[in-house]
Amino acid sequence: MLRTTMYVRRRGAQSLFWGMFEQKPLDRMWFMSRTTQANPRARALGAELRQLREEAKLGVRELGRRLGIGHTTVWRYESGTKPPSPEDTASLLTALGVTGAERERIIEMSRSVREPNWLSSGVPGMREELATLIDFERSATHITEMCTLVISGLLQTGDYARAVMATVPSEQVETRLAFRLSRREVLERENAPHFVAIIAEAALWEKLGGASVMAEQLRYLLKMADRGNVTIQVLPAGADTWHPAHAGPFILFEFDDQQPIVHLEHYRTSAFLRKVKDVADYRAAADTLRQRAMSPEASKEFIAHRVEAFDNENGEP
């Protein structure tokens, strides 16, 4: 049985993201820098401190001077390679002018910073969730995603994404939609990660948004499958034995400068796993699923057939 344990986040790089939600004292905002061997909580705490320093318009050297420590120590705090103690965190927050509930939240966070995994309860897809995914999408060298009923956010068209957001409050839809579509750029930039999407056949039979929306979405999959850094494989339906996709969707992020991390998302909880055994299980699961899936070429043919079926259903020639 695959393991589920715990979670982390990052602040998004685009200001568009920050207008999405009403800010509350317990909201978490992250800008995750790439680090070496830093666990998720340490990365998140460092990201928080870096964000606050930038908002205070202080350089690393100036903050170090105010605290009486070297600028390299400040960098280690922010990169997550040397997380500050609760006492050091309190001193940092004082220097940055952080008070009230926000100050208490960050100090409390520093008390549990050495735990390797992190579980978050709430509604997946909120600000911290998206920010974390963007950090890992941008810093990973290889991403493998198992999609069970919904196509990966990195491969969604605008209309399909809108259909996925059917329960999102109307006043938030356009902002969220624009931000989600901007995530796709990570696959088209220079030095883009290699992305493997294993898509369960069931996702290609769903009619989110209707037949015309699905036809457009699947055409986009075919377009992306032609990119050298994108591999799409369809996992056939009708299995007569259990396989890892029956346990649900997951994303495996692999990096040059740190250990792999796995992301899990459920209805009201989200998790990032870093423990070696947990990650090894999901890596093995990804290998198993790729072996069971159609080849990339056969997958393209299957997707093309589904496009034709949706077009026929929609009355298009």
Side-chain angles (χ1 to χ4, degrees), residues 1-10 32 34-44 80 112-122 124-125 128-129 132-137 139-155 193-203 230-296 299:
M1 178 64 68
L2 300 182
R3 295 168 173 78
T4 60
T5 334
M6 306 197 155
Y7 177 6
V8 60
R9 326 161 173 90
R10 165 222 188 230
M32 303 299 294
R34 295 181 66 176
T35 63
T36 301
Q37 304 302 325
N39 74 33
R41 284 182 183 266
R43 288 189 66 167
S112 56
V113 75
R114 299 189 189 281
E115 296 179 17
N117 292 337
W118 200 347
L119 174 68
S120 172
S121 295
E128 59 273 18
E129 166 77 5
T132 303
L133 288 177
I134 288 212
D135 175 64
F136 290 135
E137 288 166 356
S139 58
T141 55
H142 196 104
I143 304 170
T144 302
E145 181 168 0
M146 177 64 232
C147 312
T148 52
L149 290 173
V150 178
I151 292 167
S152 167
L154 289 176
L155 297 174
H194 185 77
F195 180 54
V196 176
I198 308 167
I199 304 175
E201 180 183 338
V230 176
T231 300
I232 296 176
Q233 292 183 254
V234 175
L235 183 66
D240 56 7
T241 58
W242 187 94
H243 57 66
H246 290 127
F250 64 87
I251 308 175
L252 171 65
F253 294 99
E254 298 177 84
F255 311 89
D256 278 340
D257 59 358
Q258 64 169 306
Q259 294 299 312
I261 291 175
V262 172
H263 173 245
L264 307 176
E265 181 177 308
H266 302 288
Y267 181 54
R268 293 194 62 82
T269 60
S270 175
F272 279 89
L273 312 179
R274 182 176 177 271
K275 287 183 178 179
V276 174
K277 176 58 175 163
D278 291 342
V279 173
D281 285 348
Y282 278 92
R283 180 177 271 163
D287 291 341
T288 296
L289 292 169
R290 291 202 67 184
Q291 291 170 9
R292 294 185 67 116
M294 302 177 195
S295 69
S299 296

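Keep in mind that the numbers below use all heavy atoms, side chains included, and drop hydrogens, waters and symmetry copies.
- Here CZ of Arg290 is found 10.5 Å from OG of Ser295. Values are rounded to the nearest 0.5 Å.
- Within the model, atoms CD1 of Ile199 and OG of Ser152 stand 7.5 Å from one another, a figure rounded to the nearest 0.5 Å.
- Taking every heavy atom of both residues into account, Phe250 and Ala286 meet most closely at CZ-N, 4.1 Å.
- Separation of atoms NE2 (His142) and CG (Asp256) is listed at 12.0 Å; rounding is to 0.5 Å.
- Annotation: the span from Leu273 atom CG to Asp281 atom CG amounts to 10.0 Å, rounded to 0.5 Å.
- Thr141 contributes no side-chain N or O that, together with a main-chain N or O of His194, makes up a donor-acceptor pair within less than 3.5 Å.
- When all heavy atoms of Ala140 and Pro193 are compared, the closest pair comes out as O-CB, 3.4 Å.
- Inter-residue side-chain proximity for Leu235 and Met146 is flagged as met; some heavy-atom pair is nearer than 4.5 Å.
- Closest of all the heavy-atom pairs between Pro249 and Leu264 is O-CD2, 4.1 Å.
- A parallel orientation is assigned to the rings of His246 and His243, their planes being inclined by less than 30° (bins at 30° and 60°).
- Note that CD of Glu137 is 8.0 Å distant from CZ of Phe195, once rounded to the nearest 0.5 Å.
- Side-chain contact between Arg292 and Thr241 is present, with at least one heavy-atom pair separated by less than 4.5 Å.
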After noting the C-alpha distance and the side-chain angles of His263 and Ile261, does the key distance pass the side chain to side chain contact (heavy atoms under 4.5 Å, CB included) rule? CA-CA 7 Å; His263 173 245; Ile261 291 175; 5.9 Å; no
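- Annotation: side chain of Met294 is in contact with side chain of Pro236 (closest heavy-atom distance under 4.5 Å).
- Using a 4.5 Å cut-off on side-chain heavy atoms (C-beta onward), Val230 and Leu154 make no contact.
- Note that OG1 of Thr144 and CG of Leu289 are 10.0 Å apart. Values are rounded to the nearest 0.5 Å.
- Here the closest heavy-atom approach between residue Thr148 and residue Ala202 is recorded as O-CB, 4.3 Å.
- Across all their heavy atoms, Thr288 and Pro244 have their closest contact at CG2-CD, 4.1 Å.
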